[in-house]
Number of protein chains: 2
Amino acid sequence: MYSHFNELKDKKSSLESPKKLLSIIDYIVRSPQGVSVADVAKNFSMSISNAFKYMKLLEEYGFVVKDQSKKYIPGFKLVDLGSIVLRRVGLRDIARPHLFDLAAKTHQTVNLVVRDGDWAVYVEKIECAESMPLMSRIGMQMPLYSTSFGKAILAWLPSEELQEYLSRVKLVKRTNKTITEPQKLVEHLKQTRQRGYAIDDEENEYGVRCVGAAILNHDGKPVGAVSIAGSKNKLTAKLIKRYASLITYCAMEISKKLGYKGSNEFCPNQSFS
Amino acid sequence: MYSHFNELKDKKSSLESPKKLLSIIDYIVRSPQGVSVADVAKNFSMSISNAFKYMKLLEEYGFVVKDQSKKYIPGFKLVDLGSIVLRRVGLRDIARPHLFDLAAKTHQTVNLVVRDGDWAVYVEKIECAESMPLMSRIGMQMPLYSTSFGKAILAWLPSEELQEYLSRVKLVKRTNKTITEPQKLVEHLKQTRQRGYAIDDEENEYGVRCVGAAILNHDGKPVGAVSIAGSKNKLTAKLIKRYASLITYCAMEISKKLGYKGSNEFCPNQSFS
DNA sequence: AAGAGTATTTCATAAGGTGAAATACACCAT
DNA sequence: ATGGTGTATTTCACCTTATGAAATACTCTT
């Protein structure tokens, strides 16, 4: 049985079939080798005939297509829709030239994320030929508490908002370096803010270090962040220092374009001022 | 009333509510300023209470989120799913370094498309600071008969397949330069094949010229194409010649990586050999 | 040619999608 | 504060429609 569907299955008798459809979409997208009608029927414990109708509908709308072996694979409809959604992120267009700059100067993977509730979502990722392959992907969400970009965002949040965040979110160990004690995190964020940039030293993925800086909007709120990611071996303390000044400058340039006035008097509720 | 939904409404009594859900997703994605529950109810002629349930479901699954003004806007779930689908396109990873090369050499927008039935779909788009803004977008589908990349694909198709395509597809004028007579198109494709690359001279969008070259797989079938797009003014005949040789080389390099053996004896059913 | 697996179609039944109405909520003007 | 308007959310009984069984068509193997 497909787990995601079951998790949400408890809330009964409210648009069960549309709910099933969304779960099927998810299932198909995450099935690398394609799915058959029988697979869908099995995974969602429904009849073949019914599963068939769902696939027919998804095919009609371009969400799935049949490949050579007659298995259903995701069509490009989702790519199209996702790409339209991504276009709405105005920050992306503003930031892109600056990100290319940064990538050219550092020859590392450069990411742009926006805050999405208690998460950060990648909206741009620039890879260089030399940069190490990472599991990150545009549209992917990452926790705020463990990532360089997320910690940059948290560090520039008004203290009440940070406290609310900490009361809502459980800090889970992603590696054994992840900070999971709220007190420690608050202290760490205080240092981050004083320093001007955030560091992720294998707190998400072993072997990966990142430097991140927050992007602030017209009233000083952190709406996103920029990060540079690289392998633990390459990103030495010295190099991090160098990248930190580049990324801080880059993030500030973007912030200015969003109307940020470059100082603290417009942001009275800061955590550490 | 939202048109797309109506078009497909005729096929009755088969997963009507899941169908409605897909139409609502489409509607929300294409509503730039966000939608309210009332908007959805109105556009799909349903009760407010019911529209609300659809929005609740979509919110639960991350397909929509509420913005500051409490309007529903698309969430990042679609970006995530679209991005996973895009990852499945192996050609994309193989081609990307070559595309960057091409973009660096030409300072124009470089596109990668794959064939998707009777359409070509953008799977990569590299823009340069200097390049003109175009309406193309990753995931967007374009006709084969009017675009440089599409005509490159058609020109390398076995003649029976080309005939089948022409019998299926109506050639619609996108601009007054679009070739809409099948005979003329076949003749044009013959020239294209002899030349080695395809040209789109304002056949899709006024003011835009493109050069395209097909990517051939291990058995010589065109699975996609590369294109360079630029403004009519900049892309002079001379520059097109220069770009043509670059793009033909680029497409061939990619084809070789797909296992193409670089000559015609492996492809006996070609249209014009 | 037979057989096994899969895909489609048909159809009666019960699950659940539906809108009316009631309630709660938010915002604006007085 | 107070009332009013527009929107969001919940509840509930009806009847549309989503559902699986079974029959049929379609592909592959053997």
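All values derive from a computational prediction rather than experimental measurement. Sequence lines set the chain letters: A, B, ... in the order given, protein chains first and strands last, and positions in each chain run from 1.
In this structure, A:F44 atom CZ and D:dA18 atom C1' are separated by 16 Å, rounded to whole Å. At whole-Å resolution of the value, CG in A:L57 and C1' in C:dA7 are 17 Å apart. Rounding to whole angstrom units, CD1 of residue A:I24 and C1' of D:dA18 are separated by 12 Å. The distance between atom CD of A:E16 and atom P of D:dT19, rounded to the nearest whole Å, is 9 Å. Rounded to an integer number of Å, the gap from CG of A:D39 to C1' of C:dG5 is 13 Å. Rounded to an integer number of Å, the gap from B:E59 CD to D:dT9 P is 8 Å. Rounded to whole angstrom, the span from the CD1 atom of A:I48 across to the P atom of C:dA7 amounts to 7 Å. Regarding B:L21, its CG atom lies at a distance of 10 Å from the P atom of C:dT18, rounded to whole Å.
Of the two residues near DNA chain C, A:F52 and A:P18, the one whose nearest nucleotide lies more 5' is A:F52. Nearest-nucleotide assignment on DNA chain C puts the 5′-proximal partner with A:A38, out of A:A38 and A:S17.
In this model, no donor atom of one side chain and acceptor atom of the other lie less than 3.5 Å apart for A:S31 and A:Y72.
Donor-acceptor pairing under 3.5 Å, judged by distance alone, is absent between the side chain of B:K53 and the base of C:dG16. Not a single donor-acceptor contact under 3.5 angstrom links the side-chain atoms of A:K19 to the base of C:dG16. Under 3.5 Å, the side chain of A:S49 and the base of D:dA21 form at least one donor-acceptor pair of N or O atoms.
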Practice problem: Begin with the C-alpha distance, continue with both residues' side-chain angles, and end with the deciding distance and a verdict on side-chain contact (heavy atoms from CB on, under 4.5 Å) for B:W156 and B:R193. | Solution: CA-CA 7 Å; B:W156 266 265; B:R193 174 110 176 209; 3.8 Å; yes
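Counting non-hydrogen atoms under 4.0 angstrom, A:K70 reaches the backbone sugars and phosphates but no base. Counting non-hydrogen atoms under 4.0 angstrom, A:K71 reaches nothing in the nucleic acid.
Side-chain nitrogen and oxygen atoms of B:N50 include none within less than 4.0 Å of the OP1 or OP2 phosphate oxygen of C:dG17. At least one side-chain nitrogen or oxygen of A:Y54 sits closer than 4.0 Å to the OP1 or OP2 atom of D:dT19. Contact check, B:K66 against D:dT9: a side-chain N or O comes under 4.0 Å of OP1 or OP2.
Contact record, B:D39 with B:Y27: CB-OH, 3.6 Å, taken as the closest heavy-atom pair. Scanning both residues, B:I138 and B:E124, for their nearest heavy atoms gives CD1-OE1, 3.8 Å.
Note on A:K53 versus A:E59: no salt bridge recorded, every NZ/NE/NH1/NH2 to OD/OE distance being 4.0 Å or above.
With distances taken from any side-chain atom of A:M46 to the nucleotides C:dT8, D:dT10, D:dG20, the minimum falls on D:dG20.
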